[in-house]
Peer 1: 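This is the structure I have questions about; it appears just below.
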Amino acid sequence: MHFLITAGGTREYLDPVRFLSNASSGKMGYALARAALRMGHEVTLITAPTYLRPPKRARLIPVVSAADMFREVRNHLKTCDCLIMAAAVADYTPVKVSQTKIKKSRRIMAIRLTSTTDILAWAGRQKRHPFLVGFALEDKHLLARAQEKRINKNLDLIVANTTAALQADDSIVWIQGADGNWDLMRASKEAIARSIIRRVTQSVRSL
Ligand code: CTP
């Protein structure tokens, strides 16, 4: 199978040196890429900036912003069997990007933001799309909101986790497929990644 996996937190630049981003480490996406490669699959890894060493055998596509990530997912969606959106994609981006460093002033400063494209929701709207896996990061009503995301974005699988997963090596996740049943898993991100890849391959083969 060919897996298209996104990882890391996108950066939305305000000027040449400053950006808005989030605390995603990219560990889950990279662990998924490694797990898929070890199981003999082909992997294209679209990655926002991280401090991690990329898996050697993955086809690596470095990106910076949510718009870059959207463009690359769009370019590769038709050639993959499964898209896993493990990236923390910025929901908003500055309306204006200054070409020169913004100078400080004593006045209150406001930054106008506009929403980015929801990449997964876009993929879910395509007539023919690969098996779609999304992540839901919630601090309240975790399972209800994650299920809502699976249904609204037309996903085949959703992995729900809490903000405790950010930066950590271990995680507690709940995984829900199209049957609506939840499976709880408390393990390292490596073990969770292996289990997700196994589940995807079984589901795709039984289609
Ligand atoms: N996602 C995406 N494009 C975006 C934002 C999110 O593809 N612009 C994907 C993420 O990669 C993740 C899933 O959507 O797999 C859910 O992301 P999450 O941040 O939990 O939720 P949002 O849909 O952005 O909604 P909210 O931030 O309001 O919870």
Side-chain angles (χ1 to χ4, degrees), residues 3-13 19-33 35-36 43-50 61-77 80 82-95 113-126 129-168 171-178 182 185 189 192-193 195-197 199-200:
F3 281 85
L4 182 61
I5 299 171
T6 68
T10 63
R11 290 182 180 180
E12 310 303 316
Y13 273 87
F19 55 83
L20 300 173
S21 194
N22 56 69
S24 168
S25 63
K27 283 179 187 166
M28 193 67 226
Y30 278 53
L32 284 160
V43 173
T44 301
L45 179 60
I46 302 177
T47 178
T50 73
I61 304 181
V63 297
V64 177
S65 66
D68 297 339
M69 188 167 274
F70 179 40
R71 189 189 60 238
E72 293 302 335
V73 169
R74 217 170 34 188
N75 286 345
H76 293 89
L77 194 78
C80 72
C82 174
L83 166 66
I84 307 183
M85 285 293 304
V89 187
D91 289 326
Y92 293 94
T93 194
V95 171
L113 302 173
T114 179
S115 54
T116 59
T117 303
D118 188 320
I119 304 170
L120 252 187
W122 169 85
R125 286 195 302 271
Q126 303 311 297
H129 60 74
F131 193 88
L132 297 178
V133 182
F135 279 75
L137 186 71
E138 310 285 349
D139 41 21
K140 267 193 207 157
H141 314 297
L142 177 66
L143 300 191
R145 284 183 179 161
Q147 174 162 308
E148 221 173 280
K149 278 179 190 169
R150 180 179 65 76
I151 295 167
N152 292 345
K153 299 192 190 194
N154 201 17
L155 309 180
D156 299 289
L157 203 73
I158 187 99
V159 182
N161 55 11
T162 67
T163 43
L166 288 169
Q167 308 273 337
S171 196
I172 303 173
V173 299
W174 284 260
I175 304 175
Q176 187 190 55
W182 285 106
M185 204 177 166
K189 287 185 179 174
I192 290 170
S195 161
I196 293 170
I197 299 294
R199 189 159 167 168
V200 170

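Both ligands and their constituent atoms are indexed starting at 1 by order of listing. The first residue in the sequence is number 1, and the count goes up from there.
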Peer 1: With a distance cut-off below 6.0 Å to the six-membered ring centre and an angular limit of 45° from the axis, does R74 pair with F70 as a cation-pi contact?
Peer 2: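 Judged by the rule (NZ or CZ under 6.0 Å from the ring centre, within 45° of its axis), R74 counts as positioned above F70.
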Peer 1: We want to know whether Y13 and T93 form a side-chain donor-acceptor pair, criterion being a heavy-atom distance below 3.5 angstrom.
Peer 2: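 Side-chain D/A pair, Y13 to T93: absent.
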Peer 1: Mind checking what residues have non-hydrogen atoms under 4.0 angstrom from ligand 1?
Peer 2: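 Residues within 4.0 Å of ligand 1: M85, A87, V89, A90, D91, T116, T117, D118, I119, L120, G134, F135, A136, L137, K149, K153.
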Peer 1: Does some side-chain heavy atom of F131 sit less than 4.5 Å from a side-chain heavy atom of L83?
Peer 2: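 When only atoms from C-beta onward are counted, F131 and L83 do not touch, as no gap falls below 4.5 Å.
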Peer 1: Looking at residues at least two apart in the chain, or sitting in another chain, which of them share a side chain to side chain donor-acceptor pair (under 3.5 Å) with Q176?
Peer 2: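 Once residues adjacent in sequence are excluded, the partners of Q176 under the side chain to side chain donor-acceptor pair (under 3.5 Å) criterion are Q147, R150.
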Peer 1: Does T116 have any side chain to side chain donor-acceptor pair (under 3.5 Å) partners at least two apart in sequence or in another chain, and if so, which?
Peer 2: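 With neighbours one apart ignored, the set is empty.
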Peer 1: Under 3.5 Å, which donor-acceptor pairs do the side chains of residues 152-166 form with other protein atoms, sequence neighbours left out?
Peer 2:
unit_1 : atom_1 : unit_2 : atom_2 : d
N152   : ND2    : E148   : O      : 3.3
K153   : NZ     : D118   : OD1    : 3.4
K153   : NZ     : D118   : OD2    : 2.8
N154   : ND2    : G124   : O      : 2.9
D156   : OD2    : L132   : N      : 2.7
T162   : OG1    : A164   : N      : 3.3

